[in-house]
J.: 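My structure is below; once you've seen it, I'll send some questions.
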Amino acid sequence: MIVGRVVRLGDDVDTDVILPGAYLNVTDPDELARHLLEGYDPEVAARVTAGDVLVAGRNMGTGSSREHAVLALRGRGVRAVIAESFARIFLRNCLNLGLPVVEHPDAARALAESEQVAIDFAAGTLAGEHERWALPPQPPFLTELLADGGLVPWVRRRLQTTDR
Amino acid sequence: MSAPRTMTTKVLAAHGMADPTPGTYGLARVDRVMLNDVSGAVAMQEFALMGAGRVFDRERVACITDHFWPAKDARSADHVARLRTFAREQDIADYFEVGATRAAGIEHAVLAEEGRVLPGALLVGGDSHTCTAGALGAMGIGVGSTDLAAAMALGEVWLRVPETVAVRFAGTPGRFATGKDLILATLGRVGVDGANYAALEFCGPPIEALGVDGRMAVCNMAVEAGAKSGMIAADATTIEWLAPRVTDAGALAAFGPDAGAVYDREVRVDVDGLAPLVAVPPSPGDVRAVDALGRGVRVDQVYVGNCANGTISDLRQLAEVLRGRRVADGVRLIVVPATQAIERQALAEGLIATFIEAGAMVSPPTCGACFGGHMGVLAAGETAVATTNRNFRGRMGHRDSRVFLANAYVAGAAAVTGELIDPAEVLG
């Protein structure tokens with residue numbers, strides 16, 4: 001169960017504003033976290049703290065494949081990202097790194113700034129303070145990937161069993 | 001008798017994913033994995049955490065320094081040094097570094113140039129513009145660093161079968177419209193998430209009329225519509241381009257969709273008489289005709305090159321505008337050939353002299369300022385015209401700078417006049 005405070009973002013939040021190109025020679029998550037959303041809005045960027053859940057509009061994470069954007073989110077302690085829709089590489093990066101993501105247009109539109117939200121993957125529910133929604137069914141492969149904790153453990157398991 | 005198939009379905013089936021139903025998850029074998037200094041840095045760490053020792057095939061993992069190269073500070077130098085060390089330890093056959101290896105340049109361009117991208121192939125790269133490979137009839141998929149690490153370890157990538165979208169062009173574009181304008185027209189039509197997760201296949205006479213350079217410009221920006229890949233059928237043009245770059249030219253074959261292949265969606269783009277287009281900041285999808293913008297958009301920097309439009313064709317187009325003219329007062333022009341081979345050819349053709357005579361700066365091949373890294377980053381309040389592929393807020397520098405995307409003719413016209421203007425006004 002993930003419980004956190006909502007920080008709202010708009011549509012088409014691209015990975016350049018999430019983690020600007022100038023910082024792509026950094027790999028340390030704590031250092032990356034200091035620059036999270038620096039290109040988007042300095043006020044919003046400063047507001048995001050550990051335990052928060054980002055709620056975005058359409059096409060969240062569009063643009064560059066930089067995994068540094070997700071490392072910055074995790075470094076800052078963001079617990080999950082909910083969006084009306086996700087861009088594919090950003091979505092992959094979140095899944096691979098085990099950062100929970102929920103694509104849910106209704107919830108993404110309804111959840112308000114600073115509202116408490118609870119995501120229960122086991123029960124399949126997403127609840128704000130005033131409304132509750134069912135989580136979309138998850139493809140078996142993604143359930144397996146998330147259960148392993150992400151792609152690193154998933155690959156480690158494969159390499160151990162195939163005796164490479 | 002099996003149903004006629006799209007290119008995308010054929011590629012996935014040939015790499016282990018036989019079920020063409022969109023939304024199906026599976027593992028695909030990859031022909032090649034490509035790392036750069038930015039994605040590679042994180043990928044190497046993930047590779048170690050996975051407990052992987054050796055890459056799956058030392059001949060099929062390419063390591064290319066292009067983002068923070070040449071190194072702009074000690075941190076960047078260290079970053080690249082780690083990729084260099086990894087390539088040496090893994091005995092990587094394809095390591096490309098400008099200034100150190102003869103074949104070198106921006107990853108998508110140099111990989112194609114060196115014959116590493118073949119029709120019908122499946123490759124993954126740690127850069128969203130890996131879709132550029134579609135210009136040679138290959139399925140290039142951009143992924144993040146952890147996917148790269150998994151691909152290096154296993155030779156496989158997990159994929160979700162995409163919807164296929166046919167983008168059919170018709171008409172004869174105007175004199176100054178290039179491959180760049182075909183993809184800008186597409187983006188203007190479908191928007192920045194209009195092809196989310198989809199595999200695009202570009203076709204029609206205007207596409208067939210393009211050389212490989214123009215096709216690269218088209219496929220490079222497929223990702224800007226949210227697409228997983230963007231492909232153009234490999235034909236005689238493709239084979240002619242590839243033949244001198246591969247060891248076995250006789251094995252090259254055309255590759256395209258079967259006649260009658262059914263797509264999940266079709267988009268028709270009429271480009272008859274098309275005049276140059278521009279993507280207005282801050283979106284690659286906000287596309288308008290240059291001559292519809294009105295006069296008076298003053299320009300501080302013009303940037304011609306990068307993986308999208310750093311080809312010899314783009315440099316020739318720029319030279320056509322610059323010949324006998326000078327960079328306007330108050331404007332700086334930066335030219336970035338995409339590879340060392342392109343720069344060599346530009347030298348032989350006298351293009352580099354033309355650029356420098358006109359007052360331009362010629363950069364070594366590097367991603368440079370395209371992503372706001374170095375070699376021409378913008379200050380607050382500045383406006384650039386660039387042949388690059390993204391103009392998100394702060395993309396090329398300060399968050400209060402802005403970038404208009406356009407072809408090399410428009411960029412050249414901006415360089416000599418100091419404003420966004422139809423190239424026909426300069427070249428007649």
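First the proteins, then the strands, lettered A, B, ... as listed; each starts at 1. Since we're looking at a predicted model, the values are computed, not measured.
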J.: If the condition is side chain to side chain contact (heavy atoms under 4.5 Å, CB included), which residues does Asp264(B) pass it with, not counting sequence neighbours?
T.: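 Result, side chain to side chain contact (heavy atoms under 4.5 Å, CB included) vs Asp264(B): Pro22(B), Glu163(B), Thr164(B).
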
J.: Side chain, backbone, both or neither: which part of Leu24(A) has a heavy atom under 4.5 Å from chain B?
T.: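 Both the backbone and the side chain of Leu24(A) come within 4.5 Å of chain B.
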
J.: Considering heavy atoms only, which positions within residues 117-141 of chain A lie below 4.5 Å of chain B?
T.: Pro139(A), Phe141(A)

J.: Heavy-atom distance under 4.5 Å to chain A: side chain of Lys72(B), backbone, both or neither?
T.: side chain

J.: Look at the side chain of Arg92(A) and the backbone N and O of Thr146(B), then say whether any donor-acceptor pair between them is shorter than 3.5 Å.
T.: no

J.: Could you measure the distance from the OG1 atom of Thr15(A) to the CZ atom of Phe371(B)? Nearest 0.5 Å is fine.
T.: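 The distance works out to 12.5 Å.
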
J.: Using the rule given for side-chain contact (heavy atoms from CB on, under 4.5 Å), can you reason through Phe47(B) versus Val155(A), listing the C-alpha separation, both sets of side-chain angles and the distance that settles it, and then say yes or no?
T.: CA-CA 9 Å; Phe47(B) 185 75; Val155(A) 172; over 6 Å; no

J.: Say you draw a straight line from CG of Leu91(A) to CG of Asn196(B); how long is it, rounded to the nearest 0.5 Å?
T.: 9.5 Å

J.: So which of Leu97(A), Leu151(A), Asn93(A) has the biggest tally of heavy-atom pairs under 4.5 Å with chain B?
T.: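 Between Leu97(A), Leu151(A), Asn93(A), the count favours Leu151(A).
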
J.: Tell me, side chain or backbone of Tyr40(A) under 4.5 Å from chain B's heavy atoms, or both, or neither?
T.: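 Interface part for Tyr40(A): backbone (N, CA, C, O).
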
J.: Yes or no on side-chain contact (heavy atoms from CB on, under 4.5 Å) for Leu145(A) and Tyr25(B), after CA distance, side-chain angles and deciding distance?
T.: CA-CA 12 Å; Leu145(A) 185 62; Tyr25(B) 284 79; over 6 Å; no

J.: Yes or no on side-chain contact (heavy atoms from CB on, under 4.5 Å) for Asp41(A) and Arg393(B), after CA distance, side-chain angles and deciding distance?
T.: CA-CA 11 Å; Asp41(A) 179 326; Arg393(B) 181 158 196 185; over 6 Å; no

J.: Select one option (side chain, backbone, both, neither) describing which atoms of Leu159(B) are under 4.5 Å from chain A's heavy atoms.
T.: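 For Leu159(B), heavy atoms of backbone and side chain both lie under 4.5 Å from chain A.
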
J.: Quick one: of Ala149(B), Ala150(B), Ser145(B), who has the most non-hydrogen atom pairs under 4.5 Å with chain A?
T.: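 Greatest number of close heavy-atom pairs with chain A: Ser145(B).
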
J.: With respect to chain A, which residue among Phe392(B), Phe68(B), Trp158(B) yields the maximal number of heavy-atom pairs within a distance under 4.5 Å?
T.: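 Counting heavy-atom pairs under 4.5 Å, the top option is Trp158(B).
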
J.: What heavy-atom pair brings Ile89(A) and Gly144(B) nearest, and what distance separates the two atoms?
T.: CG2-N, 4.0 Å

J.: With rounding to the nearest 0.5 angstrom, report the OG1 to CZ distance, Thr27(A) to Arg82(B).
T.: 5.0 Å

J.: Between Asp16(A) (side chain) and Gly394(B) (backbone), is there a donor-acceptor pair under 3.5 Å?
T.: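 Checking the backbone N and O of Gly394(B) against the side chain of Asp16(A), no donor-acceptor pair under 3.5 Å is found.
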
J.: Looking at Arg156(A), Glu67(A), Arg66(A), which has the largest count of heavy-atom pairs under 4.5 Å with chain B?
T.: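 Max contact count across the listed options: Glu67(A).
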
J.: Which atoms of Asn389(B) come close to chain A, meaning under 4.5 Å heavy atom to heavy atom: side chain ones, backbone ones, both, or neither?
T.: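 Neither the backbone nor the side chain of Asn389(B) comes within 4.5 Å of chain A.
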
J.: Counting heavy-atom pairs under 4.5 Å with chain A, which one of Gly51(B), Gly142(B), Gly285(B) comes out on top?
T.: Gly142(B)

J.: Spell out the residues in residues 42-63 of chain A that have some non-hydrogen atom less than 4.5 Å away from a non-hydrogen atom of chain B, in order of number; otherwise answer 'none'.
T.: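 So the qualifying residues are Pro42(A), Arg58(A), Asn59(A), Thr62(A), Gly63(A).
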
J.: Heavy-atom distance under 4.5 Å to chain B: side chain of Val70(A), backbone, both or neither?
T.: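 Interface part for Val70(A): neither.
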
J.: Among Val223(B), Ile141(B), Val143(B), which residue forms the greatest number of heavy-atom pairs with chain A at distances under 4.5 Å?
T.: Val143(B)

J.: Under the side chain to side chain contact (heavy atoms under 4.5 Å, CB included) test, which residues partner Ala222(B), sequence neighbours left out?
T.: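 So Ala222(B) forms a side chain to side chain contact (heavy atoms under 4.5 Å, CB included) with Cys131(B), Leu200(B), Phe202(B), Ala227(B).
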
J.: Check whether Arg390(B) gets within reach of chain A through its side chain, its backbone, both or neither, counting any heavy atom under 4.5 Å.
T.: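 For Arg390(B), the contact with chain A is made by the side chain alone.
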
J.: Could you check Asn25(A) against His374(B) for side-chain contact (heavy atoms from CB on, under 4.5 Å), going step by step and ending with a plain yes or no?
T.: CA-CA 11 Å; Asn25(A) 57 0; His374(B) 59 137; over 6 Å; no

